[in-house]
J.: 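Below are the structure tokens for one structure; questions will follow.
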Protein chains: 2
Amino acid sequence: MEGKTYHHGDLRSALLTTATEMISESGVDSVTIRALAKRIGVSRTAPYRHFEDKGALLTAVAIEGYERLTTTMANVRQDQTLDPFERLSKMGEAYVLFAVENATHYRLMVENSSVQSRSTPAFREAALNARQELIDMIKEGQEKGFVIDAPAQEIGNMLWSMTHGLATLLINGQLRVKNVEETAKFMTATMGNGLLK
Amino acid sequence: MEGKTYHHGDLRSALLTTATEMISESGVDSVTIRALAKRIGVSRTAPYRHFEDKGALLTAVAIEGYERLTTTMANVRQDQTLDPFERLSKMGEAYVLFAVENATHYRLMVENSSVQSRSTPAFREAALNARQELIDMIKEGQEKGFVIDAPAQEIGNMLWSMTHGLATLLINGQLRVKNVEETAKFMTATMGNGLLK
DNA sequence: ACCTGAACACCGTTCAAGT
DNA sequence: ACCTGAACACCGTTCAAGT
């Protein structure tokens, strides 16, 4: 019962867990169907029983990432001890920190190259759920009179662009910064007050 | 003299040109040393005479991209018919448009995954030159009393993050927008006036 | 159902050999 | 100098065959 060669239906989750491990250890490129299978102790082609191809497997890993991100953002949004703009700022920080702390995983989530199966409804939904947290936060800020009355969707795009941009620049080493949290704080504060004198 | 099998020293530039073509036709992943050599009509290993490895070749292509981007940005900065903040906004637009119009090339420039040789001094310099255009623009805006007096470097990081973020979201299809130029304009304008009521 | 090995058509890269 | 083919150690994926 122990020295079994079969993965009774838990192969799928073993694949996801191990792929995530490999991603954080040495990047997406190190995840190879063959190496993955070997590490789990299964034949090279076994993974194809659970995922149509490598892209589908990586997409599933990316979806898990978005689910964690959504949870992180939702926790900030629901913190009723802070006013709406403080929470909006904190959400930005939390986003950037998530990305930096899960750099390789985040890269998989947002980069197109490695994953074709991107247009999957499940993937799109996972990504949209995260963004919805931001939109809801902005709407609350507007309802309570903190935030200007431009369309929440467009404001959301702006904040998303800024935090996402900062995150990717940091992750790819194109921007070096003493303190990530401070930098994110500076950005959201300046965003609040404006750049013009 | 014509039916030659030798590429008398123009192989290097042929490689760069053809690689750029392949990138814009079908993405970075389609650029394979073997396919590249075949398309030029040269043996599989010939490219190694000019580039240490595939990463070095792609890095050279990325550097060319940054040079074009720098030129684009410099042209906007030097347009003396507009006030500093107008030029700053226009530079943001120009940046995003460059990225969208050269999507696959831009991806190569900013994504880490495909290229290891990233830490090359030449590459870092090319990337820094582009960013310097932005910093210089901000400093001029401050000197002429348009822009708040925070460190130009940090303001630069913010604007860079926002435009870069918008660009990558658009390129990767995570954000769909009616009009890219309008969207960029909205963002820089809102950035100028602030988000708070 | 789930797993297997063999096989196919690809990679990047090295290296001894050619002109 | 510059180019070549053969070879090595990898890929993703398919497929007939096993339990």
Side-chain angles (χ1 to χ4, degrees), chain A residues 1-19 22-23 25-62 104 108 111-118 120, chain B residues 1-19 22-23 25-62 104 108 111-118 120:
Chain A
M1 203 172 175
E2 284 308 313
K4 62 186 185 298
T5 40
Y6 268 42
H7 268 272
H8 317 270
D10 67 347
L11 214 206
R12 191 191 144 90
S13 59
L15 286 165
L16 292 179
T17 306
T18 309
M22 292 173 75
I23 285 167
E25 282 168 18
S26 32
V28 186
D29 287 352
S30 75
V31 179
T32 203
I33 292 283
R34 293 159 109 108
L36 189 53
K38 192 172 196 176
R39 183 139 153 183
I40 297 176
V42 111
S43 88
R44 295 207 271 281
T45 57
Y48 289 93
R49 288 287 131 195
H50 300 275
F51 296 98
E52 197 184 347
D53 54 24
K54 191 183 171 182
L57 194 156
L58 290 179
T59 299
V61 175
T104 45
L108 172 64
E111 284 184 5
N112 207 312
S113 39
S114 29
V115 187
Q116 258 73 5
S117 329
R118 264 298 147 73
T120 296
Chain B
M1 203 170 175
E2 283 308 311
K4 64 190 185 295
T5 40
Y6 269 42
H7 268 272
H8 317 271
D10 67 345
L11 215 206
R12 190 192 144 90
S13 59
L15 286 165
L16 292 178
T17 307
T18 309
M22 291 173 75
I23 285 167
E25 281 168 18
S26 34
V28 187
D29 287 352
S30 76
V31 180
T32 204
I33 291 284
R34 292 160 108 107
L36 189 52
K38 191 172 196 175
R39 183 139 153 184
I40 296 175
V42 112
S43 89
R44 294 206 272 283
T45 57
Y48 289 94
R49 287 288 131 196
H50 300 275
F51 296 98
E52 198 185 345
D53 54 23
K54 191 183 174 184
L57 194 157
L58 291 179
T59 300
V61 175
T104 44
L108 172 64
E111 283 185 3
N112 206 313
S113 39
S114 28
V115 187
Q116 258 73 5
S117 328
R118 264 298 147 72
T120 295

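A note on names: the letters A, B, ... follow the listed sequences, proteins ahead of strands, and every chain is numbered from 1. From a predicted model like this one, the values you see are computed outputs, not experimental measurements.
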J.: Starting at CZ of A:F51 and ending at P of D:dG12, how long is that distance when rounded to a whole Å?
T.: 15 Å
J.: Take the protein atom NZ of A:K54 and the nucleotide atom C1' of D:dC10, then report the distance between them rounded to whole Å.
T.: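 After rounding, the reported distance stands at 12 Å.
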J.: What closest approach, in Å, do A:F51 and A:A60 show between heavy atoms, and which atom pair accounts for it?
T.: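 Between these two residues, the closest heavy atoms are CE2-CB, 3.8 Å.
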J.: I'd like to check the side chain to side chain donor-acceptor pair (under 3.5 Å) partners of B:R49; sequence neighbours left out, ordered by chain and number.
T.: none
J.: Between B:R49 (CZ) and C:dC15 (C1'), how many Å, whole number?
T.: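 After rounding, the reported distance stands at 10 Å.
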J.: At what distance, to the nearest 0.5 angstrom, does NE2 of B:H50 lie from CG of B:L16?
T.: 10.0 Å
J.: What residues, two or more places apart in sequence or in another chain, satisfy side chain to side chain donor-acceptor pair (under 3.5 Å) together with A:T32?
T.: none
J.: What is the separation between atom CG on B:D29 and atom P on D:dC11, rounded to the nearest whole Å?
T.: 16 Å
J.: For nucleotides 5-9 of chain D, give me every protein contact, N/O to N/O, under 3.5 Å, one pair per line with atom names.
T.:
from, atom 1, to, atom 2, distance (Å)
D:dG5, O6, B:T45, OG1, 3.0

J.: Give the nucleotide from the list C:dG12, C:dT4, D:dT4 with an atom nearest to the side chain of B:V42.
T.: D:dT4
J.: Take the protein atom CD of B:E52 and the nucleotide atom P of C:dT13, then report the distance between them rounded to whole Å.
T.: 9 Å
J.: Is there a side-chain contact between A:V31 and A:V61 in this structure, where contact means two heavy atoms from C-beta onward sitting under 4.5 Å apart?
T.: no
J.: Show me the dot-bracket string of DNA chain C, counting Watson-Crick or G-U pairs under 3.5 Å, with | for pairs to another strand and [ ] for crossing ones.
T.: ||.|||||...|||||.||
J.: How would you list, by chain and number, every residue that makes a side chain to side chain donor-acceptor pair (under 3.5 Å) with B:S26, sequence neighbours excluded?
T.: B:S30
J.: I need the CG-P distance between A:L36 and D:dT13, as an integer number of Å.
T.: 12 Å
J.: So, using side chain to side chain donor-acceptor pair (under 3.5 Å) as the criterion, who are the partners of B:E52 when residues are at least two apart?
T.: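 Partners of B:E52 by the side chain to side chain donor-acceptor pair (under 3.5 Å) criterion come out as none, since no residue qualifies.
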J.: Output the rounded distance in Å from OH (B:Y48) to C1' (C:dT13).
T.: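 Spelled out: OH on B:Y48 to C1' on C:dT13 is 5 Å.
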J.: C:dA1 phosphate, OP1 or OP2: any side-chain N/O from A:H50 under 4.0 angstrom?
T.: no
J.: For A:L11 and C:dA1, what is the distance between atoms CG and C1' respectively, to the nearest whole Å?
T.: 12 Å
J.: Mind checking whether A:Y48 and A:I33 have side chains closer than 4.5 Å, heavy atoms only?
T.: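 Yes; the side chains approach each other to less than 4.5 Å.
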J.: Looking at B:T104 and B:I23, would you say the former's side chain and the latter's main chain have a donor-acceptor pair under 3.5 Å?
T.: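 Yes, B:T104 side chain to B:I23 backbone: donor-acceptor pair under 3.5 Å.
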